[in-house]
Amino acid sequence: MSSTTPHSLPIFRNEPFIDFSSAENKRAMREAIERIRMELGRTYDLIIGGSDLQTSTTFHSVNPANPAEVVGIHYTATVHQAAQAVETAQLAFANWRRSTAADRASLLLRAAGLLRQRHLEFCAWLVLEVGKNWGEADADVGECIDFLEFYAREALRLDAATTPIQYPGERNLLRYIPLGVGAVIPPWNFPLAIMAGMTAASIVCGNTVVLKPSPDAPTIAAHFLALLEEAGLPDGVVNLIQGGPEVGRAIVEHPQVRFIAFTGSRKVGVEIHEVAARTQPGQHFLKRTILEMGGKDAILVDADCNLDQAIAGVTASAFGFNGQKCSACSRVIVDAAVYDVFCDRLKEAVESLTLGSPAENLQTGPVINQTARKRVLDYIAIGRNEGRLLTGGVEVDLPGKGYYIAPTVFADVAPTARIAQEEIFGPVLAVIKSDSFEESLAIANSTEYGLTGAIYTHSRAKLERAAEDFHVGNLYFNRKCTGAMVGAHPFGGFNMSGTDSKAGGPDYLTLFTQAKSIAEKLT
Ligand code: NAD
């Protein structure tokens, strides 16, 4: 592999978004979807130590907008294969940990370059496997490129780190060395960016990985691994196994797994935390967990704010990708002085959203699967008793028989209602009335989560108060609460939203390393 030095790299910049209003880009995106359609239904192997492996059982990943369309067929790893993947990663660690930071960073940069060339192709996989519209798919691919570029630079920075002080008469060093084998367990909703981000952070620090993607998005992960291999990834550094909770549990428990990088639900994150805390026979370290979990994110709307911007921001935050973002706004807390007008205008904005096939780039699409459909409909039934239905509340039958649910808003919801406390992870928004700014802040902080939040106000004093007391990992002023940008908005939440790992930030890579202090007496 070729070497790169920190000095030869241009300053990090976020990947620009694609302008899909241009006729040329529209045509290119349609062509990419058609090309990828020709590849649907292929069978993908597990990859352990660079070798392709099969098993006796397979599962299908389908298009949520058209569940009859099989996107990919994948082998389900056995528990034995999960262990084999960990042991293979452990063997590969012996060499990979000795590779230079410059070489590992170069690998990420080459992968970023390849992904840029195939940007629309990966967008098309996201459209077809998880139902993202073009803009959401573009943001996912762009974020993935950003993670690769950003972590390459961060790894070089960390490699050049030293102790803050040189003790007189000594030469002092501080080296950030890798941990060992990591289990990388991503969710389905950012199946490229988050999956690749946790993987890239692990390997650029010299760790090796067992990657177990979500069974709702296995094909995107298989294509990303192929891209890493093309970029020069040595065998065994990333091992791909597919399957559900049993496979995930098997790697989390394995005594040779040194750390777990997980993003997903609160329930699974808590379970992983507990399982990882129990030492296994033969395990001679404490496992580290890097856990990013759910949210119940709130936007505060003050009486003195730009209401047009607030309506647009709340609508985008709540219904972008159908509310299937950890950062999605699921509660909007509105000052009583503007409550009625806000509700009327929000209803109008939400009803103007177009619902339909992501391949046709409509604003809102299907939810991911049958289980999600049922969960969201169950919460809508609960919401009918907990609030006043402003709009939505129904399933929508569209060609393709996708899992479509109309964007749904309940008004007059009590802060303690279930739909105001529990993560629904779908297109359902609760509107809560508040009599004062103090009360709004207290309501915002009244769930067990603490991921994102936003406030719309013209008052500098209220913004400053929110900066102090709105207890979330990612707080936004006069803008939506979704759409974190790598580098500018390091991402991660408080409380039951996770371990606040701040992906895309300056502290993230240290989580994937351990610091070794070396002191030499000068003679
Ligand atoms: P999930 O928790 O159901 O699954 C996440 C991953 O864990 C999947 O790969 C799954 O197969 C695996 N898994 C399931 N049970 C397991 C077990 N017992 N042991 C080990 N692995 C197991 O989450 P999901 O439905 O894929 O994603 C949606 C959730 O992710 C939402 O709660 C959302 O808020 C959260 N999320 C959080 C962030 C963040 O940065 N905080 C980002 C995206 C999504």
Side-chain angles (χ1 to χ4, degrees), residues 59 61 64 74 76-77 79 82 129-130 136 140 143 147 183-195 197-199 210-218 220-221 240-254 257 260-276 287 289-297 321-330 367-373 375-376 422-426 447-452 472-474 481-484 486 489-505 508:
F59 67 96
S61 156
H74 297 266
T76 308
V79 168
E129 190 159 51
V130 297
E136 296 289 348
D140 199 327
E143 188 176 9
F147 279 142
V184 173
I185 306 182
W188 66 267
N189 72 324
F190 279 86
L192 183 60
I194 293 181
M195 177 273 307
M198 294 194 294
T199 304
V210 177
L211 167 63
K212 191 217 73 65
S214 162
D216 284 307
I220 290 160
L240 177 69
I241 56 171
Q242 303 277 10
E246 317 71 45
V247 185
R249 212 171 278 128
I251 50 175
V252 170
E253 277 180 342
H254 195 290
V257 163
I260 299 112
F262 165 85
T263 307
S265 61
R266 172 200 188 287
K267 177 174 166 289
V268 175
V270 169
E271 182 190 321
I272 288 177
H273 197 53
E274 288 170 1
V275 171
K287 296 187 186 210
T289 54
I290 302 156
L291 307 169
E292 288 305 314
M293 306 172 352
K296 191 69 196 173
D297 311 307
F321 195 32
N322 319 312
Q324 299 175 115
K325 296 181 188 179
C326 55
S327 55
C329 169
S330 53
V367 296
I368 185 68
N369 56 28
Q370 182 63 24
T371 310
R373 176 188 154 276
R375 184 187 64 241
V376 175
E422 298 172 18
E423 187 184 45
I424 301 173
F425 212 60
T447 76
E448 61 180 4
Y449 294 104
L451 189 45
T452 75
V472 291
N474 287 75
C481 65
T482 52
V486 170
H489 313 133
F491 193 80
F494 300 157
N495 296 346
M496 281 303 180
S497 291
T499 51
D500 187 39
S501 64
K502 290 294 186 275
Y508 191 62

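Worth knowing before you read on, the calculation uses all heavy atoms, side chains too, and leaves out hydrogens, waters and symmetry mates. Counting starts at 1 for both ligands and their atoms, in listed order.
At a cut-off of 3.5 Å, with distance as the only test, a side-chain donor of Ser61 or Glu129 sits close to an acceptor on the other residue.
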Do any side-chain atoms of residues 498-505 form donor-acceptor pairs under 3.5 angstrom with protein atoms, and if so which ones, sequence neighbours left out?
residue: Thr499; atom: OG1; partner: Leu291; partner atom: N; Å: 2.9
residue: Thr499; atom: OG1; partner: Leu291; partner atom: O; Å: 3.1
residue: Asp500; atom: OD1; partner: Lys502; partner atom: NZ; Å: 2.4
residue: Ser501; atom: OG; partner: Glu292; partner atom: OE2; Å: 2.8
residue: Lys502; atom: NZ; partner: Gly473; partner atom: O; Å: 3.3
residue: Lys502; atom: NZ; partner: Gly492; partner atom: O; Å: 2.7

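Without hydrogens or angle criteria, Asn369 side chain to Thr371 main chain gives a donor-acceptor distance under 3.5 Å.
Contact residues of ligand 1 (protein heavy atom closer than 4.0 angstrom to a ligand atom; sorted by chain and number): Ile185, Pro186, Pro187, Trp188, Asn189, Ile194, Lys212, Pro213, Ser214, Pro215, Pro245, Gly248, Arg249, Phe262, Thr263, Gly264, Ser265, Val268, Glu271, Ile272, Glu292, Met293, Gly294, Cys326, Glu423, Phe425, Leu451, Phe491.
The pair Arg249-Glu271 counts as a salt bridge, with a side-chain nitrogen and a carboxylate oxygen less than 4.0 angstrom apart.
Checked against side-chain hydrogen bond (donor to acceptor under 3.5 Å, both in side chains), Glu253 has no partners two or more places apart in sequence or in another chain. Under the side-chain contact (heavy atoms from CB on, under 4.5 Å) criterion, Thr452 pairs with Asp297, Ser327, Asn474, Tyr476, Cys481, Phe491, not counting sequence neighbours.
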